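Just so it is clear, the structure is predicted and the values come from calculations on it, not from any experiment. Per chain, numbering begins at 1; letters A, B, ... match sequence-line order.
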Amino acid sequence: MAKIQVGIPQGTRDFSTDIVRKRNYIFSTVRSVFELYGFQPLETPTMENIETLMGKYGEEGDKLIFKVLNNGLGDPKNLEKSKAAFENVLNGKNDKNLTERALRYDLTIPFARYVAMNHAQLTFPFKRYQIQPVWRADRPQKGRYREFYQCDADVVGSYSLLNEVELANIYAEVFSQLKIDVEIRINNRKILAGLAELCGGADKMMDITIAIDKLDKIGLEKVKEELATRGLQENQVARIEQYLSIEGSNEEKLQQLTELMGDNETAKKGIEEITYVLNYAAIAGNSKLVTDFTLARGLNYYTGTIFEVKAKNVQMGSIGGGGRYDDLTGLFGVPNLPGVGISFGVDRIYDVMEELKLFPEAVQTGTQVLFFNLGDAESRKAFELAQQLRGKGVRCELYHELAKFDKQFKYAEKKAIPFIVIIGSKELEEGTCVIKDLKKSEQFALKQNELQNFSF
RNA sequence: GAGGCUGUAGCUCAGUCGGUUAGAGCGCAAGUUUGUGGCACUUGAGGCCGUGGGUUCGAAACCCAUCAGCCUCCCCA
């Protein structure tokens with residue numbers, strides 16, 4: 001028999017049963033906390049109109065959007081149009097006669113599109129969460145896929161800093177439930193803007209943030225070099241170095257920053273905001289927030305608070321991030337709707353939990369009870385009792401055929417089923433059954449009519 | 001877009017200088033053992049050596065091409 005070549009597209013994954021269980025554990029934890037804070041679920045289509053997405057993620061981003069080919073291109077009556085369209089695409093232009101749809105690239109732009117389309121009906125501030133896969137035609141590598149899940153919560157239509165506080169608390173709550181020890185780094189783009197004003201002018205802000213964003217990766221000296229090549233004067237670089245070397249507790253850092261920034265109004269506003277968020281979070285008992293003025297985040301649409309979550313005790317990039325942005329829906333013709341949002345990096349959270357062995361054992365238990373199949377009459381009784389137990393919400397199954405003990409035991413073992421129930425000829429006669437706890441390797445007999453009251 | 005590494009059994013991998021019948025561990029199946037698993041032992045099944053071409057008396061090994069996967073940079077989650 002010839003082997004048929006099978007596979008899945010590059011950068012995609014099958015999630016086998018145990019992985020799905022663990023991922024669902026993360027999803028349901030995140031979802032329940034989102035709900036706890038008043039966020040509502042939203043889902044948008046896998047495909048968007050191509051013009052909704054194009055131009056929203058920069059030049060690089062456009063290249064990474066998966067485009068969907070139109071149907072009916074080969075139809076004789078479309079042939080001329082299709083050929084012309086293909087010519088256009090080869091010349092780097094987009095053409096609706098070839099492709100008018102694309103796979104969603106993130107959840108933020110579709111959300112913005114949704115809000116723009118429905119703003120008249122929505123109650124503001126609108127708080128939504130969204131957990132769906134997104135697609136990028138990127139080259140896959142470690143922790144990076146062409147299909148991956150995003151897990152976002154955003155508030156639109158409110159300038160209140162209480163939103164930031166709530167989102168920070170959501171981070172703290174989720175990671176506390178997942179038992180991941182984290183540091184929630186917080187900064188404010190206004191502080192970075194203020195720094196830019198003091199060092200070369202507001203138009204240097206992008207250059208400065210790009211350079212200091214790399215601090216972790218390339219170190220202080222290289223950052224200074226990069227700043228110099230980006231046209232900053234020596235004294236300006238020196239000031240940034242001073243800025244980057246701020247250390248201590250949150251209060252100490254803010255104190256040093258205040259002194260360094262003098263009476264720059266923009267920076268003052270940023271410091272005020274970050275102080276507000278820290279104070280309120282403290283009321284909620286959130287002690288995970290750490291000010292980090294070197295935190296910049298690449299996305300240039302952030303305008304206020306920015307967050308990044310880092311797991312402690314493990315070598316891993318950020319497992320969450322977010323921030324405040326102005327005018328989310330302006331691109332779609334609905335101006336003046338500010339927003340703030342956070343995102344969870346599910347794949348990385350999974351890796352961290354796997355590495356630190358943080359998944360509870362119960363997550364991996366599917367079937368709780370296996371009934372042995374020891375003959376016709378015996379299995380009929382087992383079948384009946386299994387049905388009863390299911391009525392009580394106990395997950396159980398009956399071994400699918402008569403087989404040796406050995407085989408049935410091994411099945412239970414492989415599926416990590418913690419309990420087995422044995423009904424053989426003897427038990428059938430006596431109206432009893434034997435329950436065996438495979439973990440403790442203990443067993444005892446029980447009346448059949450008492451089985452449904454047993455707590456598995 | 002640029003670069004590096006790897007493709008041999010279901011899985012993880014050995015395979016020497018190019019040499020005759022391609023190996024191991026795990027897993028799978030059967031048995032020792034027809035009502036008590038995990039351990040041990042015995043036996044067995046399972047291979048187009050990624051694909052195509054070339055060099056050679058001879059290729060899993062060398063060369064070229066191609067496909068696939070992994071990884072790094074860019075960028076990002």
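Distances from the side chain of A/Gln141 to the nucleotides B/rG31, B/rG37, B/rU72 place B/rU72 closest. Among B/rG31, B/rA30, B/rA77, the nucleotide with an atom closest to any side-chain atom of A/Phe148 is B/rA77. Minimum atom distance to the side chain of A/Gln150 is reached by B/rA77, of the listed B/rC71, B/rA77, B/rG37. Nearest to the side chain of A/Lys142, among B/rC71, B/rU36, B/rA77, sits B/rC71.
Residue contacts for A/Glu413: at a heavy-atom cut-off of 4.0 Å it reaches a base atom on one of the strands shown. Here A/Ser441 lies in heavy-atom contact (under 4.0 Å) with a base. Counting non-hydrogen atoms under 4.0 angstrom, A/Lys426 reaches a base of the nucleic acid. Residue A/Arg136 is in base contact, counting any heavy-atom pair closer than 4.0 Å across all strands shown. Using a 4.0 Å heavy-atom criterion, one finds that A/Gly424 contacts the bases of the nucleic acid, with or without backbone contacts as well. Residue A/Leu438 is classed as a base contact, given a heavy-atom separation below 4.0 Å to a base. A/Glu427 comes within contact range of at least one nucleobase, with a heavy-atom separation under 4.0 Å. When heavy atoms are screened at a 4.0 angstrom cut-off, A/Tyr145 is found touching base atoms of the nucleic acid. Nucleic acid contact class of A/Ile422 (heavy atoms, under 4.0 Å, all strands): base. At the heavy-atom level, A/Gln443 lies under 4.0 Å from base atoms of the strands shown. Note on A/Gly321: nothing from the nucleic acid sits closer than 4.0 angstrom, heavy atoms only.
Taking atom OH on A/Tyr302 and atom C1' on B/rA77, their separation rounds to 11 Å, with Å as the unit. Atom CZ in A/Phe27 sits about 13 Å away from atom C1' in B/rA77, given to the nearest Å. A/Arg139 has its CZ atom 13 Å from the P atom of B/rG4, to the nearest Å. Remark: P of B/rG27 and NZ of A/Lys415 are 20 Å apart, rounded to the nearest angstrom. Here the P atom of nucleotide B/rA77 and the CD atom of A/Glu60 are 13 Å apart, to the nearest Å. Per the geometry, NZ belonging to A/Lys407 stands 6 Å off P belonging to B/rA29, to the nearest Å. Regarding A/Arg13, its CZ atom lies at a distance of 15 Å from the P atom of B/rA77, rounded to whole Å. Atom-to-atom, CD1 of A/Ile420 to C1' of B/rG35 comes out at 11 Å; the value is rounded to the nearest Å.
Within the 4.5 Å cutoff, side-chain heavy atoms of A/Phe148 are placed close to those of A/Val134.
B/rG1: Watson-Crick or G-U partner is B/rC73, with both key distances under 3.5 Å. Partner assigned to B/rA40 is B/rU32, using Watson-Crick or G-U wobble distances below 3.5 angstrom. Both distances falling under 3.5 Å, in either a Watson-Crick or a G-U wobble arrangement, place B/rG23 opposite B/rC13. Here B/rG52 sits opposite B/rC64 as a Watson-Crick or G-U wobble pair (both hydrogen-bonding atom distances under 3.5 Å).
The aromatic ring centres of A/Tyr25 and A/Phe27 sit 6.0 Å or more apart. Taking the centre of each ring, A/Phe66 and A/Tyr105 stay at or above the 6.0 Å mark. Under the 6.0 Å cut-off for aromatic ring centres, A/Phe344 and A/Phe34 qualify, their centroids lying closer than that.
For A/Asn70 (side chain) and A/Lys96 (main-chain N/O), a donor-acceptor pair under 3.5 Å exists by modelled atom type.
In this model, a side-chain donor or acceptor of A/Lys436 finds a partner on the base of B/rU36 within 3.5 Å. Judged by distance alone with a 3.5 Å cut-off, no donor-acceptor contact links the side chain of A/Gln408 to the base of B/rG35.
The aromatic ring of A/Phe405 does not sit over the base of B/rG37, since the test of centres under 5.5 Å and planes under 30° is not met.
Taking for each of A/Lys440 and A/Gly143 the nucleotide of RNA chain B with the nearest heavy atom, the 5'-most of the two is the partner of A/Lys440. Residue A/Lys410 is the one, among A/Lys410 and A/Arg146, whose nearest nucleotide of RNA chain B lies closer to the 5' end (criterion: closest heavy atom).
Heavy-atom contacts from other residues, nucleotides or ligands closer than 6.0 Å to CZ of A/Phe86 number 12 or fewer.
For the pair A/Asp106 and A/Lys56, the salt-bridge criterion is not met [side-chain N within less than 4.0 Å of a carboxylate O].
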